[in-house]
Amino acid sequence: MTYLVDDLGEPVPLSGPASRVVSLVPSLTEAVEVSAPGRLAGATDYCTHPSTLDVPRVGGSKYPKLDRVLELAPDLVLANSEENRQDDVERLRANGIPVWVMAASATVPAALGSLRRILTQAYELEEPDWLVSAEEAWREVRPVRFHAVVPVWRKPWIVLGRDTFAGDVLRRLGVANVYAGSEERYPRPDVEELRAHLAADADLLVLPDEPYLFTEEDGPDHFPDARYVLVSGRHLTWYGPSLVEAHAALTEALAGL
């Protein structure tokens, strides 16, 4: 038995390379299936990539069907400290299922470092090419071109605040988040406060299509005088192989401004 340690310092006892894995995190699902195809035994309903993925589904990330996870008898469950509930993690461990919890990474390098540990330690893989390419693509931090408000939800309005992966993605592309100094990672300002920022110290509204599906109407309807850009939420918030294409796609979207 090998005792690994996850991002939170908790032991992950494995008898060998992980071969029956249930992933409760969409971006982790994509990373492990691309890197070690065929070793996933289950995934959430929101694990949409790779598009060819055909495994049993176990409900959502926040509220997975734990009985279904236990029925699949995985040798490892992958979770995230921000997306998954601690109670669910503890119940799985109490039933003898090793769980690797990835920390909610505040930067692109931190996320890629966590992925490297999962793939090389729990899966015992060689470092995948996509991970090396992603590190190369995201190493540079460009000079600031825009100061942005970045909503991720509405009703209520929720925006990116301090120490978020998506905020670091944008900063590396030259977009500074005006809420980066907030005490909260996901502040909930009212719409009038957002309008005040866009009238004073922000010159861009970044609207992703997930987790909330923002559309072209959301910018002009709520912020009629603001310059805005629509981006892929997957490119903005997913860590994994999508980071390779995300750099070019987000750069192109911002270049259009």
Side-chain angles (χ1 to χ4, degrees), residues 2 4-9 12 14 16-40 43 46-53 55 75-83 98-143 145 163-175 208 210 231-255:
T2 300
L4 303 175
V5 177
D6 70 12
D7 286 359
L8 304 187
V12 184
L14 293 175
S19 59
R20 282 190 57 79
V21 178
V22 171
S23 173
L24 303 181
V25 187
S27 50
L28 282 178
T29 298
E30 180 182 33
V32 299
E33 180 64 14
V34 168
S35 305
R39 295 206 219 174
L40 278 174
Y46 300 104
C47 294
T48 57
H49 290 76
S51 59
T52 55
L53 183 66
V55 296
D75 56 14
L76 180 66
V77 170
L78 298 175
N80 178 275
S81 64
E82 185 171 74
E83 296 187 45
V99 182
W100 185 302
V101 180
M102 181 179 178
S105 300
T107 67
V108 174
L112 292 173
S114 291
L115 286 169
R116 176 180 283 104
R117 292 205 320 116
I118 291 172
L119 296 172
T120 61
Q121 295 181 19
Y123 278 79
E124 297 187 12
L125 299 174
E126 296 294 324
E127 189 175 71
D129 291 341
W130 67 259
L131 198 153
V132 177
S133 297
E135 285 185 326
E136 288 291 330
W138 289 98
R139 181 168 289 119
E140 178 188 5
V141 180
R142 294 174 178 169
R145 292 178 55 212
D163 300 334
T164 65
F165 173 84
D168 190 56
V169 164
L170 289 170
R171 180 60 192 87
R172 288 170 186 274
L173 296 174
V175 181
E210 64 172 70
V231 299
S232 162
R234 176 168 167 261
H235 287 157
L236 188 62
T237 63
W238 283 36
Y239 34 79
S242 62
L243 279 172
V244 178
E245 64 188 61
H247 195 278
L250 292 171
T251 295
E252 182 179 357
L254 294 169

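If you read the sequence from its start, that first residue is 1, and numbering goes on from there.
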Chemist: Evaluate the side-chain proximity of Y46 to L24: yes if any heavy-atom separation is below 4.5 Å, no if none is.
Modeler: no
Chemist: For the residue pair G240 and W130, what are the closest heavy atoms and their distance?
Modeler: C-CZ3, 3.4 Å
Chemist: If you measure from CD on E126 to OG on S35, what distance do you get to the nearest 0.5 Å?
Modeler: 12.0 Å
Chemist: For a side chain to side chain contact (heavy atoms under 4.5 Å, CB included) check, start with the C-alpha distance between L8 and S81, then their side-chain angles and the critical distance, and finish with the verdict.
Modeler: CA-CA 8 Å; L8 304 187; S81 64; 4.2 Å; yes
Chemist: Quick one: does L173's side chain get under 4.5 Å of H247's, heavy atoms only?
Modeler: yes
Chemist: Nearest 0.5 angstrom please: E127 CD to L112 CG, how far?
Modeler: 10.0 Å
Chemist: Measure the CG-CG distance between L119 and L28 for me, rounded to the nearest 0.5 Å.
Modeler: 9.0 Å
Chemist: Does L53 form a side chain to side chain contact (heavy atoms under 4.5 Å, CB included) with E30? I'd like the steps, not just the answer.
Modeler: CA-CA 9 Å; L53 183 66; E30 180 182 33; over 6 Å; no
Chemist: Which atom names give the shortest non-hydrogen contact between V25 and L78, and what distance separates them?
Modeler: CG2-O, 4.1 Å
Chemist: Are the side chains of M102 and L115 in touch, meaning some heavy atoms are under 4.5 Å apart?
Modeler: yes
Chemist: Would you check, one step at a time, whether the test side chain to side chain contact (heavy atoms under 4.5 Å, CB included) holds for V169 with W138?
Modeler: CA-CA 8 Å; V169 164; W138 289 98; 3.5 Å; yes
Chemist: With W100, which of D6, V21, V77 fulfils side-chain contact (heavy atoms from CB on, under 4.5 Å)?
Modeler: D6
Chemist: Can you see which heavy atom on T29 is nearest to which on H49, and at what distance?
Modeler: CG2-O, 4.0 Å
Chemist: Determine yes or no for a side-chain-to-main-chain donor-acceptor pair under 3.5 angstrom, with D168 supplying the side chain and T107 the backbone.
Modeler: no
Chemist: Show the nearest heavy-atom pair for residues A104 and E82, with the distance to one decimal.
Modeler: CB-CB, 3.6 Å
Chemist: Measure from the side-chain N and O atoms of R145 to the backbone N and O of G174, and report whether any donor-acceptor pair falls under 3.5 Å.
Modeler: no
Chemist: What distance separates L76 CG from L4 CG, expressed to the nearest 0.5 Å?
Modeler: 9.0 Å
Chemist: Write down the atom of P208, the atom of G233, and the distance for their closest heavy-atom approach.
Modeler: CB-CA, 3.9 Å
Chemist: Would a 4.5 Å heavy-atom cut-off, applied to side chains only, mark T251 and R142 as touching?
Modeler: yes
Chemist: State the OG-NE2 distance between S242 and H235, to the nearest 0.5 angstrom.
Modeler: 6.0 Å
Chemist: Is S23 reaching over with its side chain to a backbone N or O of A43, donor-acceptor style, under 3.5 angstrom?
Modeler: no
Chemist: Is R234 salt-bridged to E210, cutoff N-O under 4.0 Å?
Modeler: no
Chemist: Can you check side chain to side chain contact (heavy atoms under 4.5 Å, CB included) on Y123 and I118, steps first, answer last?
Modeler: CA-CA 7 Å; Y123 278 79; I118 291 172; 4.3 Å; yes
Chemist: Is there a side-chain contact between P50 and V34 (heavy atoms, below 4.5 Å)?
Modeler: yes
Chemist: Which atoms form the tightest heavy-atom contact between A103 and D7, and what is the distance?
Modeler: N-OD2, 3.0 Å
Chemist: For G167, is there any backbone N or O sitting under 3.5 Å from a side-chain donor or acceptor partner on R172?
Modeler: no
Chemist: Roughly how far, to the nearest 0.5 Å, is the OG atom of S19 from the CG atom of D75?
Modeler: 4.0 Å
Chemist: Are the side chain of R39 and the backbone of V32 linked by a donor-acceptor contact shorter than 3.5 Å?
Modeler: no
